[in-house]
Participant: 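Structure provided below as structure tokens; questions to follow.
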Amino acid sequence: MDKLILIDGNNIIYRAFFAMPPLTNAAGQQTNAVYGFTTMLLRLIEEHKPTHMIVAFDAGKTTFRHEGYQDYKGGRQKTPPELSEQFPLLKELLRGLGVPQFELETYEADDIIGTVSRQADEAGRSVMIVSGDKDMLQLASAHTTIALVRKGVTEIELYGPEQIREKYGLTPEQITDLKGLMGDASDNIPGVPGVGEKTALKLLHEFGSVEGVLEGVESLKGKMKERIETHAEDARMSKKLATIYREVPLAHTWEEMAFPGLNPDTAGPALAKLEFRSLLERLNLSGSSAGGEEAAERPPAPELEIVITDEAKLPEVAAALPDVQALHVETYGENPHRAEVIGLALSTSGRHYYVPFELLKQEAAAPLLEWLGDPGIRKTGYDLHRADLALHWKGIAFAGAYHDTQLAAYLLDPTEANQSLSDLVAKYGLPRLAPDEEVLGKGAKYRLPELAKLGAHVAGKSAALLGVAAKQERELADTSMSGLFHDLEMPLSRILADMEKQGIVASTGDLRELGKEFESQIAGLAEKIYAIAGTEFNLNSTKQLGEILFVKLGLPVVKKTKTGYSTDAEVLEKLAPYHEIVQLILQYRTIAKLQSTYIEGLLKEISPEDGKVHTYYRQTIAATGRLSSQFPNLQNIPIRLEEGRKIRKMFVPSEPGWSILAADYSQIELRVLAHISDDERLKEAFVLDMDIHTKTASDVFGVPAEAVDSNMRRSAKAVNFGIVYGISDYGLSQNLGITRKEAAQFIDQYFGIFQGVRRYMDEIVLEARKAGYVTTLLGRRRYLPDINASNFNLRSFAERTAMNTPIQGTAADIIKLAMVEMDRELAGRGLKSRMLLQVHDELVFEVPPDELEQMKSLVPEVMEGALKLSVPLKAEVSYGSNWYEAK
DNA sequence: CTGGTCACG
DNA sequence: ACGTACGTGACCAGA
């Protein structure tokens, strides 16, 4: 079956240029656009296996379109030289790869593509057109699909006539009418001023075409009618400009477009010349030019033996359970507590079974349910934490997670965003797995395909798991993270799921009541503010607020943002002395935040079934190894201001008579710093259990501790924070409201005293430069690719990260250890107390009265003993009838 | 869908 | 000279 791919060369290289970070070869020539183009090209070849292919380029400076309209593509920025230099490179590379390229004087790439696609269409051949330009949609037909490139060049959306109808309610031909009405700023096509996509679509749905709209203009009214009448000619011309010319006099034959596959003899040298080593490797061409005949692509997807399970086949699945090596649970929905379970797939070495979720209710599925819930059976999967939660709320127990490929991928590189299973499969050069988006769509476009296709996709995932897991185990061992993975993160993931399922009660009634109080305060404040401003406006709009403060009231502009005046709290504090309205706005902000995020937001998350909030701890987000919390975030419940702190009264035990018990590490990050820097002074402070900020002040200012006043302590505290964050004089000056010079002096003084800390800061940066990454005490890694950047900002950022990550990350390691140990203790001692929340340096429990005494000593003991450092760890415990009281 | 703002450690 | 403190998530406005 013939398949032709037509690539809009100019468009794609342009997109690639702006999407890719700068990349230069040894000679200093920029190659980023060619690289981006090539990765996309190779992906197209792998995924769509074309038999014929061409890349079309614009030729010449003026085209026939300019004859009718001088300004066509006027106002467009000149092509930057860094990009134009890359065209010859790309063309040479394409020759090496064996991809035909077409161009023709006075015609644009669009027109060439339009013409070739028409010819192919007429011959009944299957065509795919690749471009970032929506204009191309007009070429879609029964045989022709448009692949719209999105997000730089990394994603592709496929459009046939059906998809165009779904999205716009238009036929492909009507795309030209759409452009005729709305215009296109990037091509300087005017359209009708004031008519955007929305209006244009409405008009077309009613009148069908530009001509139809012009004829029917009488039936319109007001401004719209006027606009269209005055710009009728613009509309006609715009449509013409947007119409792709499909009669270009091309002499090329079908045979000239043939693409028999990459030619390894010439592709290797061409890629090598551009220094695209990663691509050479991906194509297995890195050896000599003769890298093997068929090695030009990733291993072809083996034909999987997939069984779509129906009721009758459940016994066969049951019989296969002992041979299962991996499973994938397909869910739908962001919040796993509310997610749908679509189905699951089980992989043995030979067969892959897809089991639709409904089948799990059948009696014959009992062995499968038992298998899922058996903690003794080791399971390999992807995001098993999510699977566990989703299944739990459907009444199905899950246990035995052994290797979670998502979690392993996170440990191997916690900052890599693209860690979908499909990405991992690609990373390891395994047979391709379609991204979910391609099969299921996303957002509003999410649709389950027919059973066979769905089953094949989900089974494809489970089939991919074993290969990925094997590679990861190897890599974890090579990077000394196997222990971190199997003894800490994997066990923790089950504990987190338990905490989340347990949830914490949030008192709906009390929240509503507090909400009413806030509401009347908000109304009162708003009224006063409007009265002073002399007008009502949207107080939540920084834009409108800026207008009032800086234009109407003429207050001085302290700081600007990208988009206008800054009105954040720091700015408002400075403005407060100038005008009484400012203080009111600050109060309004405070209460409005509490109301929207913590009253209304929290109420929305309370489950009507059990009156609890079930947060979702994410173990694979924070680059330092910390957890994050979502739906709702229970790691940022107010505490600093009393008004907000009251929110904590709403969090209560789930059983009468029980208590909330909270324990937090005291100065864990500075204690960690004392340990890893081995600074004598800092260690001494903790060994003697002194107030660290007072001690710092006394040392830095050279006065006895008794002589440290509150101001000195405040400064020392800011320095201590700064040290942990990777200090800079600027940051400290901002924080303390002093000059940069003073801050620099201050830091110097600090380092003079705490020389071990200085040595650590210097060494960790050197180490990062050398190794390219930093680690925590437990060996958790973070790569810092910018540590050697020539850009000052990027490099400075990386340096501060190098200083901070081992500290923050080790603290995260420690509390994770404490959680695993705590879980073990609770189970071992048969306690009924439950661990509910983690807030970075704090653990929150609910505790029955008869366990209170025991827990008061056990929890801090476990936390303090989680990891042995050269300074003691300290945890402080408190309890009460709610989270507020546990202070 | 991004930016501004603000809640937490 | 460069222009920032480290790590998160939720809400709102306004394209």
Participant: Atom CG of A:Leu784 to atom P of C:dC6: distance rounded to whole Å?
Facilitator: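 Going from A:Leu784 (CG) to C:dC6 (P), I get 13 Å.
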Participant: Would you tell me whether A:Tyr446 and A:Asp436 have side-chain atoms, one donor and one acceptor, within less than 3.5 Å of each other?
Facilitator: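 The answer is no; no qualifying pair exists.
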Participant: Expressed as a whole number of angstroms, how long is the span from A:Asp568:CG to B:dA7:C1'?
Facilitator: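 So the two atoms are 14 Å apart, to the nearest Å.
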Participant: Begin with the C-alpha distance, continue with both residues' side-chain angles, and end with the deciding distance and a verdict on side chain to side chain contact (heavy atoms under 4.5 Å, CB included) for A:Asp813 and A:Leu867.
Facilitator: CA-CA 9 Å; A:Asp813 291 348; A:Leu867 189 64; 5.8 Å; no
Participant: Figure out the CH2/C1' separation between A:Trp883 and B:dA7, and round it to whole Å.
Facilitator: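 Between C1' of B:dA7 and CH2 of A:Trp883: 12 Å.
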Participant: Can you tell me if the side-chain N/O atoms of A:Arg640 get under 4.0 Å from OP1 or OP2 in B:dC8?
Facilitator: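 For B:dC8, OP1/OP2 do have a side-chain N/O of A:Arg640 under 4.0 Å.
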Participant: Measuring to OP1 and OP2 of C:dA15, would you say a side-chain N or O of A:Lys543 lies under 4.0 angstrom away?
Facilitator: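 Checking C:dA15 against A:Lys543, a side-chain N or O does come within under 4.0 Å of OP1 or OP2.
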Participant: Between B:dC6 atom C1' and A:Ile585 atom CD1, what is the distance in whole Å?
Facilitator: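 It is 16 Å, rounded to the nearest whole Å.
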Participant: Pick base, sugar-phosphate or nothing for A:Gln544, based on heavy-atom distances below 4.0 Å to the nucleic acid.
Facilitator: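 Sugar-phosphate contact only.
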Participant: Test A:Tyr159 against A:Lys167 for side chain to side chain contact (heavy atoms under 4.5 Å, CB included), laying out the working first.
Facilitator: CA-CA 10 Å; A:Tyr159 285 88; A:Lys167 179 146 184 188; 3.3 Å; yes
Participant: Please determine, by modelled atom types, if A:Gln808 and A:Thr624 share a side-chain donor-acceptor pair under 3.5 angstrom.
Facilitator: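 The answer is yes; a qualifying pair exists.
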Participant: C:dA5, B:dG4, C:dA10: which one has an atom nearest the side-chain heavy atoms of A:Asn735?
Facilitator: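 Shortest atom-to-atom distance from the side chain points to C:dA5.
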Participant: Nearest of C:dG9, B:dA7, C:dT4 to any side-chain atom of A:Tyr730?
Facilitator: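 Selected nucleotide (nearest to the side chain): C:dT4.
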Participant: Is it the case that C:dG7 (base atoms only) and A:Arg782 (side chain only) share a donor and an acceptor within less than 3.5 Å, ignoring hydrogens and angles?
Facilitator: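 A donor-acceptor contact between them is absent.
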Participant: Identify which nucleotide among B:dT5, B:dA7, C:dT8 has an atom closest to any side-chain atom of A:Thr567, counting heavy atoms from C-beta outward.
Facilitator: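 Closest of the options to the side chain of A:Thr567: B:dT5.
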Participant: Output, in order, the C-alpha distance, side-chain angles, deciding distance and verdict of side chain to side chain contact (heavy atoms under 4.5 Å, CB included) for A:Arg780 and A:Glu489.
Facilitator: CA-CA 11 Å; A:Arg780 184 189 304 281; A:Glu489 297 290 355; 2.7 Å; yes
Participant: Does the side chain of A:Thr624 get closer than 4.0 angstrom to OP1 or OP2 of C:dT8 through an N or O atom?
Facilitator: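 For A:Thr624, the contact criterion (side-chain N or O under 4.0 Å from OP1 or OP2 of C:dT8) is not met.
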Participant: If you check every side-chain atom of A:Pro638, which of C:dG9, B:dA7, B:dG3 has the closest atom?
Facilitator: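 Given the options C:dG9, B:dA7, B:dG3, the side chain of A:Pro638 is closest to B:dA7.
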Participant: Please give, in whole Å, the distance from C:dC6 C1' to A:Ile807 CD1?
Facilitator: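 A:Ile807 atom CD1 is separated from C:dC6 atom C1' by 9 Å.
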Participant: I'd like the C1' distance from B:dT2 over to C:dA5, given in whole Å.
Facilitator: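 Taking atom C1' in both C:dA5 and B:dT2, they lie 24 Å apart.
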Participant: Is the A:His385 to A:Tyr616 ring centre distance short of 6.0 Å?
Facilitator: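 Yes: the rings meet the under 6.0 Å criterion.
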Participant: If you check every side-chain atom of A:Ala623, which of C:dG14, B:dG9, C:dT8 has the closest atom?
Facilitator: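 When the side chain of A:Ala623 is considered, C:dT8 is the closest of C:dG14, B:dG9, C:dT8.
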Participant: With pairs taken as Watson-Crick or G-U wobble and both distances under 3.5 angstrom, which stems of at least three consecutive pairs involve DNA chain C?
Facilitator: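 Stems for DNA chain C, defined as runs of 3 or more consecutive pairs: B:1-9 with C:6-14.
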Participant: Given atom NE2 of A:His840 and atom C1' of C:dC6, what is their separation to the nearest angstrom?
Facilitator: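 After rounding, the gap between these two atoms is 12 Å.
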Participant: Counting only side-chain nitrogens and oxygens, does A:Thr563 get under 4.0 Å of the OP1 or OP2 atom of B:dG4?
Facilitator: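 Looking at the OP1 and OP2 atoms of B:dG4, one of them is under 4.0 Å from a side-chain N or O of A:Thr563.
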Participant: When you measure from the side chain of A:Gln808, which nucleotide among C:dA10, B:dT5, C:dG7 comes out closest?
Facilitator: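 Comparing C:dA10, B:dT5, C:dG7 against the side chain of A:Gln808, the answer is C:dG7.
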Participant: Compute whether any side-chain donor of one residue and acceptor of the other, for A:Thr415 and A:Asp413, lie under 3.5 angstrom apart.
Facilitator: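 Result is yes, a qualifying pair exists.
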Participant: For A:Tyr616, which contact category applies under a 4.0 Å heavy-atom criterion: base, sugar-phosphate, or nothing?
Facilitator: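 Touches nothing.
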Participant: Is there a donor and acceptor pair closer than 3.5 Å between the side chain of A:Arg626 and the base of C:dT8?
Facilitator: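 For A:Arg626, whose side chain was compared with the base of C:dT8, there is no donor-acceptor pair (under 3.5 Å).
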Participant: Kindly say if A:Ser541 contacts the phosphate of C:dG14, meaning a side-chain N or O under 4.0 Å from OP1 or OP2.
Facilitator: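 For C:dG14, OP1 or OP2 has a side-chain N or O of A:Ser541 closer than 4.0 Å.
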Participant: Should A:Ser628 be listed as having a side-chain N or O under 4.0 Å from OP1 or OP2 of C:dG9?
Facilitator: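 Yes.
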Participant: Would one find a side-chain N or O of A:Asn633 under 4.0 angstrom from OP1 or OP2 of B:dA7?
Facilitator: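 For A:Asn633, the contact criterion (side-chain N or O under 4.0 Å from OP1 or OP2 of B:dA7) is not met.
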Participant: Between C:dA5, C:dC2, B:dG4, which nucleotide has the shortest distance from any of its atoms to the side chain of A:Arg800?
Facilitator: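 Of C:dA5, C:dC2, B:dG4, C:dA5 is nearest to the side chain of A:Arg800.
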Participant: Report yes if at least one side-chain N or O of A:Thr801 is closer than 4.0 Å to OP1 or OP2 of C:dC6; otherwise report no.
Facilitator: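 So the side chain of A:Thr801 is outside the cut-off, no N or O lying under 4.0 Å from OP1 or OP2 of C:dC6.
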Participant: Nearest to the side chain of A:Lys593 - C:dG9, C:dC12, B:dG9?
Facilitator: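 That would be C:dG9.
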Participant: May I ask you to evaluate whether A:Gln635 reaches the phosphate of C:dA10, defined as a side-chain N or O under 4.0 Å from OP1 or OP2?
Facilitator: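 Checking A:Gln635 against C:dA10: no side-chain N or O falls below 4.0 Å of OP1 or OP2.
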Participant: Under 3.5 Å, is there an N or O donor on one side and an acceptor on the other linking the side chain of A:Ser728 and the base of C:dT4?
Facilitator: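 Check passes, donor-acceptor contact within cut-off.
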Participant: Of all the choices, C:dC6, B:dG4, C:dT4, which nucleotide is nearest to the side chain of A:Thr542 once you look at every atom?
Facilitator: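 Closest nucleotide among those given: B:dG4.
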Participant: If the P atom of C:dT4 is compared with that of B:dG3, how far apart are they to the nearest Å?
Facilitator: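 Result for the P pair: 14 Å, nearest Å.
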Participant: Side chain of A:Asn804 only, heavy atoms from C-beta on: which candidate in C:dA10, C:dC6, C:dA5 is closest?
Facilitator: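 Minimum distance to the A:Asn804 side chain belongs to C:dC6.
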Participant: Tell me whether the OP1 or OP2 atom of C:dG9 has a side-chain N or O from A:Asn636 closer than 4.0 Å.
Facilitator: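 Answer no for this pair, as no side-chain N or O of A:Asn636 is under 4.0 Å from OP1 or OP2.
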Participant: What is the separation between atom CZ on A:Phe792 and atom C1' on C:dG3, rounded to the nearest whole Å?
Facilitator: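 These atoms are roughly 8 Å apart.
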Participant: Rounding to an integer number of Å, can you tell me how far A:Leu594 CG sits from B:dC8 P?
Facilitator: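 The distance from CG of A:Leu594 to P of B:dC8 comes to 9 Å, rounded to the nearest Å.
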Participant: Using the C1' atom in both, what is the distance from B:dA7 to C:dC2, to the nearest Å?
Facilitator: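 32 Å, rounded to whole Å.
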